[in-house]
Amino acid sequence: MDGATGAPPGSSGATAEDRLERLIAAWPDGIVEIDRRGTVVGWNAAAEGLLGWSRAQVVGTFAGETLLFGAFAHTPVGLLLAGDGRGEAVDVQLDLRHRDGHLVRARARLVASGAGRGRTVSGFLRPAVERVRVAAPDDGLHDRLTGLANGILFGTTLAQAVEESAATPGSLAVVLLDLDRFTAINSSVGHAGGDAVLTALARRLAAATGEVDLVARRGGDQFLALVREPYGAAGLRAAALTDRIRLALAQPVAVEGGEVFLAASIGVALNTFGVDDPDVLLAHAEGAMEQAKRRGGSRVETFGESLRIQVLDRMATEHSLHRALERRELMLHYQPVVELAGSRTVGVEALIRWDHPDRGLVPPNRFIAVAEESGLIVPIGAWVLEQACHQLRAWHARGPVGPRGSVEVNLSARQIDDPEIVRTVESILTRTGLPPECLTLEITESALMRDAGAALVVLRALKELGVLLAIDDFGAGYSSLSYLQRFPLDILKIDRMFVEELGVRSGAREIVAAVINLAHALRLQVVAEGVETERQLAVLQSLGCDLAQGFLFSHPLPAAELRVGVGVGVGSGLAASA
Ligand code: C2E
Ligand code: CA
Ligand code: CA
C-alpha cells in the first residue's frame with residue numbers, strides 16, 4: 001500500500017493496482033499495514049491526519065514503539081500476528097500514540113492475512129466516536145462512573161427487544177460479564193484504582209460490542225451486552241462478541257503504580273423457543289455466568305437448556321421447510337431495479353417468500369439461516385434460480401424490456417460451496433433458454449470473504465458461463481480492498497444501512513461517495529439498496545450512483561403484480577403497477 005503517486009484518477013492506461021493504490025491513499029479511514037515483525041509497511045494520508053506521522057517518518061519503524069502502548073505481543077495487533085489462521089478480523093478500540101506523544105483513541109478493524117513469515121495485519125482506523133461519555137448524563141439511565149447505560153436502561157431495552165423478536169427464536173442474546181477476583185484487585189490498587197479498572201473495561205467493552213448492540217453496567221463489576229441478530233443466529237454473534245471481549249481483556253490495564261491483568265466469567269443466554277420473558281433471559285445469563293465461575297472463571301458458558309430447545313426448534317422449522325418445497329409453499333417476489341439517470345427499470349431482484357399454512361407469509365430472514373445450516377438451501381436455491389429464470393424468460397417473450405432486462409438471484413455461502421453450483425446454473429440457463437447475461441448472481445460481501453480463495457474459483461467458473469456477478473450488502477462487512485479487485489465482479493450493491501444514514505448521520509454521504517468511487521475505479525456498476533426517500537435518491541443521483549432499488553420505487557411484488565413492458569412512473573421496462 002504505497003502512497004498516491006502517478007497519474008490522476010480516470011487517466012487512461014491505469015492498471016487496477018494503480019487505481020486501488022490511489023483509492024487507499026484517498027480512503028477516508030486511516031489504513032496502516034504491519035508486517036510479521038511489527039514493522040509498519042503501509043500508511044495512507046488519513047492515517048497521517050489521525051496520528052500526525054508522515055509516511056516517510058513511520059514506515060520502517062517498529063509499531064510497538066511508535067504507535068502502540070504496552071507490550072507489543074499483548075496488543076491486539078501482536079495477538080493477531082501471532083495467530084496463523086488464514087484470515088481473521090477483529091474490531092477493537094486501540095489507544096494509539098500521536099506523533100506529539102498524546103494518546104489517540106481509535107476504533108479499529110484489524111484484518112490479518114497470510115500465515116507464517118508472510119503474515120500481516122492491516123488496520124482500518126477511525127477516531128473513536130466517544131460512545132462512553134466522560135460525564136454521564138444525569139438521567140437515571142446511565143452509570144455515573146463509566147457513562148454506559150445502566151441496568152434500568154438495559155432492562156427496558158431488553159424488554160422491548162424480547163417483544164420485537166418473539167417470533168424469531170435465537171435472534172437475541174444476553175451476555176453477562178462478571179470480573180474475576182475484583183475484590184482482590186480493589187484491595188490491591190485501592191478504590192480509585194478499582195474505578196480506573198472499571199472505566200477502562202467499560203471502554204473496551206463498548207469498543208468490542210459494535211454499533212447495534214447495547215452494553216451496560218449492571219452495577220459493581222458486572223456488565224451486560226445485548227446482541228440482536230434478525231436471522232436467528234444471535235448465538236453465533238454472541239460467540240464472536242465474547243471472543244472479541246476476551247481479546248480486549250488480554251491487554252493489562254494501566255493503573256497508578258502498575259498494571260492489572262483482567263479475567264472474567266461470561267454467561268450467554270438466548271431467546272430460544274419459549275423464552276419470551278426478559279427476566280427469564282437474564283436469569284439464564286446469570287446461571288450460565290455462575291457456571292463459568294464454578295468452572296474456574298476466565299471462561300464463557302452458554303445456558304444449556306436453551307441450546308437444547310434451540311436445536312428442537314430448528315428441527316421443527318427444518319422439518320416444515322422440507323415439506324414446503326414439496327408442497328409448493330415457496331414463492332418469489334420481485335423488486336424492480338431502477339436506473340438513476342433515466343428512472344428506467346432495468347431488472348428485478350428475486351426474493352423468496354414462504355407461504356406457511358399456519359404462519360402466513362414468512363419472510364426469508366425467518367428461515368434462510370435454517371435452510372443454510374441444514375443444507376436445504378441447495379435445493380431451495382436451485383428452485384429459486386429456475387423459477388426466476390423461467391419468469392424472466394416469460395416476460396421477455398411478452399415484449400420489450402429494459403436495456404438489461406435482467407433478474408438478480410441471491411446465492412448463499414452454502415450454495416457457493418456446493419460443488420454442483422456451476423453445473424446447476426448452466427443447466428437451468430439451458431433449460432429455460434435465458435441468455436446468461438440476463439442473470440445476475442448476488443453474493444454477500446461476508447460470504448465472499450469467509451473463504452475468499454474458494455469463492456474466487458467458483459466465481460470465475462460462473463463468470464465463464466456469461467452471467468453477471470454482484471457483491472451484495474457491501475459495507476456491512478469490511479472487505480479487504482485488495483481482495484475486491486481480484487473477484488470478477490460486475491455490480492456492487494451498497495448495503496441498505498448506508499443509504500438509510502444518508503442525510504441522517506454526518507459522514508454517511510462521504511462514505512457512500514467513497515464506495516461509489518471505489519466501485520467505479522474497479523469498473524463496477526453501483527446499486528443503492530433500500531432507497532425509501534426522495535432525499536436519499538437526490539443524494540445518490542448527485543454522487544453518480546448508477547442504479548437503485550427500494551420502497552420508493554416499489555416493494556417486492558408477486559410476478560403477476562409487476563407490469564411488463566410499459567413504463568409507469570419509472571419509464572419503460574419492467575415496472576411495478578400501482
Ligand atoms: P437482500 O438480498 O439484501 O434483499 C433486499 C432486502 O431488502 C429484501 O428483504 C427487500 O424486501 C428489502 N428491501 C427492499 N427495499 C427496501 C427498502 O426500501 N427499505 C427496507 N427497509 N427494505 C427494503 P427480504 O425480501 O426480506 O430479504 C431479506 C434477505 O433474505 C435478502 O437480503 C437476502 O439476503 C435473503 N434472501 C431473499 N431471497 C433469497 C433467496 O432466494 N436465496 C437466498 N440465499 N437468500 C435470499
Ligand atoms: Ca440481494
Ligand atoms: Ca442486499
Side-chain angles (χ1 to χ4, degrees), residues 167-168 171 229-233 321 324-325 329-338 345 347-355 361-389 391 406-418 421 424-425 428 439-448 468-477 489 491-502 504 515 526-537 540 547-558 562 576:
T168 315
S171 60
E229 165 54 66
Y231 287 82
L321 250 187
L325 205 54
E329 291 166 5
L330 299 177
M331 56 193 213
L332 295 183
H333 282 183
Y334 297 89
Q335 184 176 42
V337 179
V338 175
T345 298
V348 290
E349 176 170 7
L351 293 159
I352 197 167
R353 301 288 180 268
W354 180 6
D355 193 4
L361 210 58
V362 185
N365 60 9
R366 297 275 167 81
F367 64 90
I368 288 287
V370 175
E372 284 183 349
E373 270 181 22
S374 61
L376 268 176
I377 194 69
V378 171
I380 290 176
W383 175 86
V384 170
L385 267 168
E386 175 120 34
Q387 187 71 15
C389 291
Q391 182 61 57
S406 70
V407 66
E408 307 186 352
V409 174
N410 294 285
L411 287 192
S412 82
R414 185 76 181 245
Q415 284 172 277
I416 305 281
D417 293 343
D418 174 23
I421 183 68
T424 303
V425 172
I428 288 172
L439 175 64
T440 302
L441 299 175
E442 297 190 355
I443 300 112
T444 62
E445 185 190 15
S446 51
L448 272 191
L468 301 188
L469 298 176
I471 182 165
D472 203 355
D473 300 347
F474 184 80
L489 298 167
I491 295 165
L492 178 149
K493 302 188 81 170
I494 302 180
D495 192 65
R496 195 168 75 214
M497 194 177 75
F498 292 104
V499 175
E500 208 175 288
E501 287 179 346
L502 280 181
V504 183
V515 171
V526 184
V527 184
E529 302 194 287
V531 179
E532 294 183 353
T533 67
E534 293 287 351
R535 193 189 150 82
Q536 292 165 346
L537 175 63
L540 289 163
L547 304 166
Q549 56 188 112
F551 296 166
L552 180 63
F553 309 104
S554 170
H555 280 259
L557 294 170
L562 277 172

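Ligands are counted one by one from 1 in listed order, and the atoms in each one are counted from 1 as well. Keep in mind that what you see is a predicted model, and the values were worked out from it rather than measured.
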Check: Pro336 and Leu562 side chains under 4.5 Å, non-hydrogen atoms: yes
Identified side-chain hydrogen bond (donor to acceptor under 3.5 Å, both in side chains) partner of Gln549 from the options Arg496, Lys493, Glu529: Lys493
His555 touching ligand 1 at heavy-atom level, < 4.0 angstrom: no
Gly381 to ligand 1, any heavy atom closer than 4.0 Å: no
Minimum-distance pair of heavy atoms, taken over all atoms of Leu325 and Pro379: CD2-CB, 3.8 Å
Student check: side-chain heavy atoms of Leu439 and Val425 closer than 4.5 Å: yes
Close approach of Glu349 to ligand 1, heavy atoms, under 4.0 angstrom: yes
Test item: Gln387 side-chain N/O and Val384 main-chain N/O as donor-acceptor pair under 3.5 Å: no
Ile380, portion touching ligand 1 at heavy-atom distance under 4.0 Å: neither
The Ca ion (ligand 2) to nearest N/O/S of Glu442 less than 3.0 Å: yes
Nitrogen or oxygen of Asn410 less than 3.5 angstrom from that of ligand 1: yes
Protein contact to atom 29 (C) of ligand 1 [nearest heavy atom, distance to 0.1 Å]: Tyr231 OH, 3.4 Å
Part of Arg353 with heavy atoms under 4.0 Å of ligand 1, whether side chain, backbone, both or neither: side chain
N, O or S from Glu349 under 3.0 Å to the Ca ion (ligand 2): yes
Proximity flag Asn365 to ligand 1, non-hydrogen atoms under 4.0 Å: no
Heteroatom test (N, O or S) for Asp473 near the Ca ion (ligand 3), limit 3.0 Å: yes
Side chain, backbone, both or neither: Gln549 near ligand 1, heavy atoms under 4.0 Å: neither
Atom 3 (O) of ligand 1: nearest protein contact (heavy atom, Å): Asp473 OD1, 3.3 Å
Polar proximity ligand 1 side, Phe551 side, N/O cut 3.5 Å exclusive: yes
Identity and distance of the protein heavy atom lying nearest atom 40 (C) of ligand 1: Ile352 CG2, 3.9 Å
Atom 7 (O) of ligand 1: the protein heavy-atom neighbour that sits closest, reported with distance to 0.1 Å: Arg496 NH1, 3.1 Å
Spacing of Leu492 atom CG and Leu547 atom CG [to the nearest 0.5 Å]: 11.5 Å
Identity and separation of the nearest protein heavy atom to atom 11 (O) of ligand 1: Pro556 CG, 3.3 Å
Side chain to side chain, Thr345 and Phe553, heavy atoms closer than 4.5 Å: no
Any N/O pair Gln335/ligand 1 closer than 3.5 Å: yes
Glu445 side chain vs Gly475 backbone, donor-acceptor pair below 3.5 Å: yes
Protein heavy atom at shortest distance from atom 10 (C) of ligand 1: Leu351 CD1, 3.8 Å
Any Glu532 heavy atom less than 4.0 Å to ligand 1: yes
Pro364 N/O under 3.5 Å from ligand 1 N/O: no
Note, Phe474 side chain near Val515 side chain (heavy atom, < 4.5 Å): yes
Where the Ca ion (ligand 2) is the vertex, angle from Asn410 OD1 to Asp472 OD2 to 10°: 90°
